[in-house]
There are 2 protein chains.
Amino acid sequence: MDRKQEIIDAATKSFSLFGYKATTMDQVAKIANVGKGTIYTFFDNKEVLFQEIVIRMITEMKQEAAIVIIEGKSFQENAHAALMKMLEFRETHQLYAKIIIEEKEWKTPAVQLVISQVEKAIVKFVKEKIDKYIANGEIRAVNSELVAYLLFKAYLAFVNDWNITHEKSLSEVEIAEFFQDTIFRSLAL
Amino acid sequence: MDRKQEIIDAATKSFSLFGYKATTMDQVAKIANVGKGTIYTFFDNKEVLFQEIVIRMITEMKQEAAIVIIEGKSFQENAHAALMKMLEFRETHQLYAKIIIEEKEWKTPAVQLVISQVEKAIVKFVKEKIDKYIANGEIRAVNSELVAYLLFKAYLAFVNDWNITHEKSLSEVEIAEFFQDTIFRSLAL
DNA sequence: TTTTGACCGAATCGTTCAATTGGTCATTTA
DNA sequence: TAAATGACCAATTGAACGATTCGGTCAAAA
């Protein structure tokens, strides 16, 4: 395991526990067992180090979403599974969850940028699936970018936002059936 | 014009200019030309006064939405017009705009409650329209509360959020056509 | 009886100064 | 000689503290 990786691992731990703002480079150096200056031989600054780690996190999230996609299943089934998995990642992945909390509490610019990046990655992932299903003639030809955005926002609204303003949350089955009756219905041939 | 109304008017001015947090009861009293203690003969506390004003604002917003609804037009046309009007209100109504800014900057509890109230009022307004059109046999029978929530969140995403993350905003026509092709399409008989 | 504004405890604000931080680079280490 | 280190520095942050302000109260005034 080389030094760069040790720094990345150490920083991932610290960002996950303390968030971006409260993580110090001194601390990362200690966890990694390197001098603080060594960090700057690999990364220009704190934000570049953070970005490296976030890119890895996004890759991990997409891999988890890809696992639940089953070749041969309908667009709805696969889109639903992938979106649910990515929204679950949002809550169970320690670093991502920490980032969301920090964005709300502090509005750290570096963190706001990351939230935006992750969301764009999700929309892009869904858009690519839409394009594939359209090309296969399995769903209607639609503006895949707008539909991907709509699906993302709609799932976010029902899986997350709904719980904030309603006492009774919606089950995954209820959500799936509702979207089958609405958005996915509109995509059917 | 009675004293209570003068206090309400004064407070509306102050909340609109300075927001909830930065508005003092001393200031409201001065603008209204009353003693500070007089305010408390009508309102238990600052938050109750704020609520009174917010309820009036919500009523005003609903009236503006009702104006753009034309009897005999399709559900899509009317829902679209009403939602666009209510989202426009969000930006043009001085108090509401101030509330949104304050919620983002300070997370004042009283203000967060208000945002939630307004959004619930919008969803309820749309739900009632959905119920009416279903009863008239003009759209499919759907869970009107969930569809109203979906419509609200979708419009908010495309009218507001989209502009934050994309350089080119979507025109009203583009938005209307997109929803015609998706959500409204799913509601058609 | 209604209105007022001085009063009060709690909260907020502005100031000061010590502590901390990200990044740098002279020195040390390999 | 190249890579690693951690003391150093300017800028920023945080803690402490006194002054001020605030929402709400109520005795006094109108």
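Chain naming here is simple, since letters A, B, ... match the order of the sequence lines and numbering starts at 1 in each.
Within the structure, side-chain hydrogen bond (donor to acceptor under 3.5 Å, both in side chains) pairs that include any residue of residues 19-32 of chain A comprise Ser14(A)-Thr23(A), Ser14(A)-Gln27(A) (at least two apart or interchain). Counting only residues at least two apart or on different chains, the side-chain hydrogen bond (donor to acceptor under 3.5 Å, both in side chains) pairs with a member in residues 175-189 of chain A are Asp181(A)-Arg140(B). Pairs engaging residues 99-109 of chain B under the side-chain hydrogen bond (donor to acceptor under 3.5 Å, both in side chains) rule: Glu102(B)-Thr108(B), Glu103(B)-Gln112(B) [sequence neighbours left out].
Of all the residues in residues 42-52 of chain A, Asn45(A), Lys46(A) reach under 4.0 Å from DNA chain C with at least one non-hydrogen atom. Within residues 30-37 of chain B, the residues having any heavy atom closer than 4.0 Å to DNA chain C are, in order of number, Val34(B), Gly35(B), Lys36(B), Gly37(B). For residues 20-28 of chain B, proximity to DNA chain C is found at no residue, defined as any non-hydrogen atom under 4.0 angstrom from a strand atom.
Scored by the ring pair (Phe, Tyr, Trp, His ring centres under 6.0 Å) test, Phe89(B) finds His93(B) as partners (sequence neighbours excluded). Qualifying salt bridge (charged side-chain N to carboxylate O under 4.0 Å, His left out) partners for Glu128(B), counting only residues two or more places apart in sequence or in other chains: Lys124(B). Glu71(A) is linked by a salt bridge (charged side-chain N to carboxylate O under 4.0 Å, His left out) to Lys132(A), counting only residues two or more places apart in sequence or in another chain. Under the salt bridge (charged side-chain N to carboxylate O under 4.0 Å, His left out) criterion, Lys127(B) pairs with Asp131(B), sequence neighbours left out.
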N/O donor-acceptor pairs under 3.5 Å from side chains in residues 166-176 of chain A, not counting sequence neighbours:
residue   : atom : partner   : partner atom : Å
His166(A) : ND1  : Trp162(A) : O            : 3.1
Ser171(A) : OG   : Glu174(A) : N            : 3.0
Ser171(A) : OG   : Glu174(A) : OE1          : 3.2
Glu172(A) : OE2  : His80(A)  : NE2          : 3.1
Glu174(A) : OE1  : Ser171(A) : N            : 2.8

Distance-only criterion, 3.5 Å: show the donor-acceptor pairs between side-chain atoms of residues 60-68 of chain A and protein atoms not counting sequence neighbours.
none

